[in-house]
Every structure is written in structure tokens, then in C-alpha cells.
There are 2 protein chains.
Amino acid sequence: MVTIKDIAKATGVSPSTVSRVIADNPRISSDTKKKVRKAMKELGYHPNIHARNLVAQSTKAIGVILPSSADKALQNPFFPEILRGIGSVTHKEQYTMMLSSGQTEDEIFAEVERMVYGRYVDGMILLYSRMDDRITNFLRENEFPFVIVGKPYEYMNEITHVDNDNFSAGKEITEYLIAQGHQRIAFIGGARDLFVTIDREKGYETALQEAGLEDVKDYHIHTEFLKSAGREAVESLLALKQRPTAIVISDDLISLGVLGMLEDSGIRVPEDISLVSFNNVYLSEITRPALTTIDIQIYELGAQSAKALIEKTVDKSEPVKRIIIPHKVIYRDSVSSYKRP
Amino acid sequence: MVTIKDIAKATGVSPSTVSRVIADNPRISSDTKKKVRKAMKELGYHPNIHARNLVAQSTKAIGVILPSSADKALQNPFFPEILRGIGSVTHKEQYTMMLSSGQTEDEIFAEVERMVYGRYVDGMILLYSRMDDRITNFLRENEFPFVIVGKPYEYMNEITHVDNDNFSAGKEITEYLIAQGHQRIAFIGGARDLFVTIDREKGYETALQEAGLEDVKDYHIHTEFLKSAGREAVESLLALKQRPTAIVISDDLISLGVLGMLEDSGIRVPEDISLVSFNNVYLSEITRPALTTIDIQIYELGAQSAKALIEKTVDKSEPVKRIIIPHKVIYRDSVSSYKRP
DNA sequence: CTGTTAGCGCGTTCAG
DNA sequence: CTGAACGCGCTAACAG
């Protein structure tokens, strides 16, 4: 391993001079700078970060916390995509990205503790937002910089977060369905304690209400990614005497499952029933029919959260922010206008 | 920040004693151990890894290199799942996982250089295997510990890698199709320079050959995840006077695309054409029909590669290994036996 | 069984 | 413009 001393010796200057050259300190003659840089190249010098971090009391690294992978949710293409977004800015800023690897909530919590106390990272991004979250509380109590992708369950004004306007998104897409003539519209969502679900559902309810449509209780379904359990729920939905003519689904991946069940039941989309959903992951354009869905700009969600976090870690006085990433309806083929039978 | 010194002062012992307690050194009286541990608890001591790494000349961290995300391939649920596998063992071993974040090959290469030279990590896992790969060469030249998930393009016997027997898998699944009476079987694969594709395709070819079936050139299609370009290819396949009655597809995600196109063309699966594919990601059971596919145990692929890597980083003399993860055909509904029309 | 000393590689005073 | 000296927090070698 070639250190600062080695190249100091090789060039006949002192280690501190070399250090200054690395930092591009203006009060070093360009002559010696050149000389030193040359030696660095030749000897293959590379700074040792641990030494650097030790003195700098900062690591240019951020931790990314995934939801507990008990959640099958991890299989969602949402994650690679948001990681890509985060990566784009960590990379640009020469930051490093450390991933949580725990499976259960307890494991993850222990990991977060290590990361924070051990000074592994300068800050973290939470890729989920759940009610009453231990990790969020811990981070807050320790005044450790972090940002949440989604909506914090409390202290909204004290926690920087990056989110979509899920309420409006849910409202808009439902209104679109209503504009197409649908009056019996159901909602299928994921876990009930996730804010995305909650917000989108509220938007849906509000749209119904404003249009003077009845909000039927049986039309609300919550399920974890639609395995057998979800199947029954959907079947009961179809068994209703007043079957819905359209469904708002809170996630593209769930839509895929629903699409399958509908096909099993011999129900055609969009002829018999219309579907809309959220996220616009790659999948949504290769299903048949292709899904009308809301593009929430996952990549941007990631990029902006990383950007906000880094800003905060370099300047503690950076104010708390709430960043809303715009969404957009992507019209494809899963909706038809309702024609009275 | 509370350091070793603080707790030394608090307990009236020397810093080194504290250090020894942390390492659970046997020649420390259990009395002082207790005393020291108590103080650590009370003062909230946590070791600073950078200090530790600096002296240990090792970081308990591994780098995970994703393929360049120009590849849309990243959207594949394969990645979250393999990360989960890797995470399971890094977590158990108290290791840390650092993710590459570059988008282009050049960016990633620069990152790898930093990680290696800067001693960010003790070793890395490459989540792809491509012909003539710069990063592989670099790692080899620097004798830096790494393992490849997939097959190295050369120096097979000098690079530890974790792979499936993709050749056999391709052969088996094709033989299954043949056993169902199919004689005209096509192959659709991803990028041509990826070893997975190559191996699976060879298995397919061998099966045909052994069964005395003709290997039709027009039956081979290569495409990047089936956007417009892939569509044309598939359409040309269907336009052939001798249309295939079954298709072997090298990835579940591609299958999803093909399924869509087939439906567009009014071709029913499996009645008109049978489909089989690889990976058994979550998706493959929610499509309609559910896909008959080969389970390659993605999670295990990740876990084993992490395990092998960590073993190598702790004991440099650990021999090069080649670990083959078994696969298994998962029979679902995308295949029917061929009946002469 | 425990304390003292030195040093990991680097950045940062403080002198000059 | 540059060098010497110190310290970041921790471990290891050597004493005792």
C-alpha cells in the first residue's frame, strides 16, 4: 500500500505538502503540485478512506434502508429503480451507498444502530414509511440526518421527505374513471399501514364523494400482493350483486395479479371491467392489456431524496424540506368508457 | 462521541484494557470486564469503525457490482432477490454491503477502482458475467478477492464463481417440450454476450440435436427485453410458414413480453403455442397462464456467493471454487402437449 | 492480569 | 509557500 509518506519521500517534500496537493490547496506552488501529482500517478497512490474518515469525522456514505424483507414487496421492480435514482446522485457526488441487509424489523433496527453509532454513514434514506416506526424514532432522537421516501407518520414538519401527492393522484385517476362513465368503482390496495395505500385510497374516496357516488364498503379490498388470500377477496368482489365496472389498484404489481384472476374468471379487461393503477414500472406496459397507470417517477424519487440528504449532511443548517415529485397519468389500454348494458 | 478513552477514565482502567474487553480477551478478569461493560452501556459506547478498520487493514464490507444500468435489465426482480440472498449472509456475518452506483461501464469501472484502492471493501461480488470484461481483468490483475455470479468469460479455474448449470437447464426444459410432442421449438434470448443466454441456448440446441430435430436458424431470436425491436422479431417468428409450436425463453421477464405479443396476435397459450422460461421470479406465477419455468434459486445464488467471498477474504488461502446451484422445473400452465392438427 | 507506548494514514494547526 | 507536530479512535507489542 502506497501512502502519503511514500510519495513525500519520493518527491522530497513533507507529507503535509502532499496532503495539501491532494486537497488542491491554493497556497502550494504549481511547480510542486505538478511534481507531487506526477509521483502519485507513478507510484499509484490512492487515499485510504478510513484514515481520511477518521480525521474528517465524516464518511461520504449514505445508508439505504429497505423495508423488512418479510414483505414480499421487495420483489417489486420499484426498488431497483429507486436505487438507480439514488445511485445517480451518490455517484455524481462521489458518495458511497450502503444497503441494509436485515430481514426482520429487529435485525434492521440493530443494523441502523450500528450504522449510526459506528459512524458508518453520514445519513440515511428510508425506503418506506410506516405507522409508528421504531427506526424513525431512533433517528430522530439521535438527531441523525435522514430522509424518508414517502410520508412520515408524524412530525411531518420536522422530517425531510420526498413523496408524491398520492392523494391527488388517487383522486385524479378515479375522476378519470368517473369521467368515462363509471359509477361503481372498487379499490384494491396493499398493506393498510403503508401511507401510500392510505393516501391513494383517500383520494379515491374523495373523488367518489365529490361526484356524488356512493362509497360502498364492500368495494374496498386490502391484500398483500395477492396470493391465495387476495384471490378470495377479489372473487368476493366479483360475486357481489352489484359488481364494480372499474377498479383502482394501488400498485402495478398487484394489478398484474388482478389481471390474472380476472382472466381466470373469464372477465375481460377493459371490456367487462376497467383497471387503473400506480407506479408505471416497466411491467405495466408489457401486460395485456397494457395498464393505464400513474407514473410517479420512481427514479426521481430516489434522486431527489439522495440530493436532499446529502445537502443536509454537508450543511446541518439546511432546513427541513418536503419535496413533492409530480405524477402523470399514462393512458394505455386497460380502461374503456362505461356503457350502460 | 464517546470513545474508548472516556470509558477508560470512567472506570479507572487504561484504554487498552477497554479494548481488550471489547475483543473479549480471555486474560482480563471477569471483574473488570463487568465493570467496563457496565460503563460502556451507561455511557453509550459504540466503536468507531474507521479507527478500527484503519488499524485492522480490513473493513468488514463487500462491494456488490450491478450491471451497467444502461441495461434495462436492472428492472428485473432478479436483483432485489439476489440482494436479499447476499444480505442474508452479510448480515449474519456482521458484514456491510456497498452497492455500485455507476450507470455506464466507465463509471462503474472508476468506482471499482476507488473501492479497491481506497480499501473501501474487502472483496466484491459481480452480478453479471460478460465477455471480455474490464472489471474482471482489473480485479484479477490486482489480486483482489471477488466472485462472479454466473460464468467468467475466461480463467474459469482461477475465478470463484456461483452459477447454475444453465446448459443442463436449457436442455432439460427443451427435452420436456419434446416429450410433450413438440417438434418445432423456438428460442428467444436476451443479450448475446451474456453467458446465461449462451448456455441456455446451447442446452436447447443440444436437446434438439439429440432428439434428431432440425435446428432452424429462423427459430433463434435475441432481443433486449422486448420493446419495439423484440416485437418485430417475434412477429417474424409467427409469420414463418412453419410456425413453432413451443418457445423456450431465457428469462421470465421476456416471457411476460412475449405473452403480451402473443395475445395481441390472437394466439393462445398454451393451446396454440407453449412457453417455458427461466428464473421463477414472483411474476411467473401471476401471469396468465402461469409460466412453466426453471427455478434457479436466485436467493441461494446470492447467499452462496457472499459466503464464498467472505470465506476468501478472511482466509486468502481458500481455494478457488465453482459452486453450482441446482435448478428445478416448476410445472405450471404454459405448456400443453402437441397434438397434430 | 493490566498499563504504556507506538503506529495505522491522513488532515490541520502553528511556526517559519 | 512549506515543514514539524499533533491527534482522530483504536489495536497490538512490550513491559511489568
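Chain A is the first sequence line, chain B the second, and so forth, proteins listed ahead of strands; every chain is numbered from 1.
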Problem - Positions of residues 112-120 of chain B (non-hydrogen atom under 4.0 Å from DNA chain D), listed by number - result: none
Practice task
Could you tell me whether the side chains of Glu111(B) and Ser101(B) share a donor-acceptor contact shorter than 3.5 Å?
Solution key: yes
Practice task
Only pairs at least two apart or in different chains count here, so list each ring-ring contact (aromatic ring centres under 6.0 Å, His included) that has a residue in residues 97-118 of chain A.
Solution key: Phe109(A)-Phe138(A), Tyr117(A)-Phe138(A), Tyr117(A)-His46(B)
Fill in the blank from the handout: Between its two end axes (five pairs each) the helix from dC1(C)-dG16(D) to dG16(C)-dC1(D) turns, nearest 10 degrees, through 40°
Problem - Rounded interatomic separation in angstrom, taking CG from Asp6(A) and C1' from dC10(C) - result: 13 Å
Fill in the blank from the handout: Counting primed atoms, P, OP1 and OP2 as sugar-phosphate and everything else as base, the B/S/- map of nucleotides 1-9 of chain C against protein heavy atoms under 4.0 Å is BBBB---BB
Practice task
Sort out for me which residue in Ile135(A), Ile62(A), Val112(A), Val64(A) forms a side-chain contact (heavy atoms from CB on, under 4.5 Å) with Met124(A).
Solution key: Val112(A)
Handout entry: Counterpart residues, ring-ring contact (aromatic ring centres under 6.0 Å, His included), relative to Tyr155(A) (two or more places apart)
Key = none
Practice task
Taking atom types as modelled, find out whether Ser14(A) and Thr17(A) have a side-chain donor-acceptor pair closer than 3.5 angstrom.
Solution key: yes
Exercise for the section: On DNA chain D, reading 5' to 3', which nucleotide is the first and which the last to sit with an atom under 4.0 Å from a heavy atom of chain B, could you check? Expected result: dC8(D) to dA13(D)
Exercise for the section: Name all residues meeting the salt bridge (Lys or Arg N to Asp or Glu O under 4.0 Å) criterion together with Glu300(B); count only those two or more places apart in sequence or in a different chain, and write none if there are none. Expected result: none
Fill in the blank from the handout: Contacts of Lys92(B) meeting salt bridge (Lys or Arg N to Asp or Glu O under 4.0 Å) (sequence neighbours excluded), chain-then-number -> none
Practice task
Write out all pairs satisfying ring-ring contact (aromatic ring centres under 6.0 Å, His included) with one or both partners inside residues 74-96 of chain A, taking only residues at least two apart or from two chains.
Solution key: none
Practice task
Consider only side-chain N and O atoms of Tyr120(A) and Asn53(A), and report whether a donor and an acceptor are under 3.5 Å apart.
Solution key: no
Practice task
Report the residues that fulfil salt bridge (Lys or Arg N to Asp or Glu O under 4.0 Å) with Glu158(B), sequence neighbours left out, ordered by chain and then residue number.
Solution key: Arg140(B)
Problem - Contacts of type salt bridge (Lys or Arg N to Asp or Glu O under 4.0 Å), residue Lys35(A), not counting sequence neighbours - result: none
Exercise for the section: Using side-chain contact (heavy atoms from CB on, under 4.5 Å) as the criterion, list what pairs up with Pro152(B), not counting sequence neighbours. Expected result: Ile148(B), Met156(B), Ile159(B), His161(B)
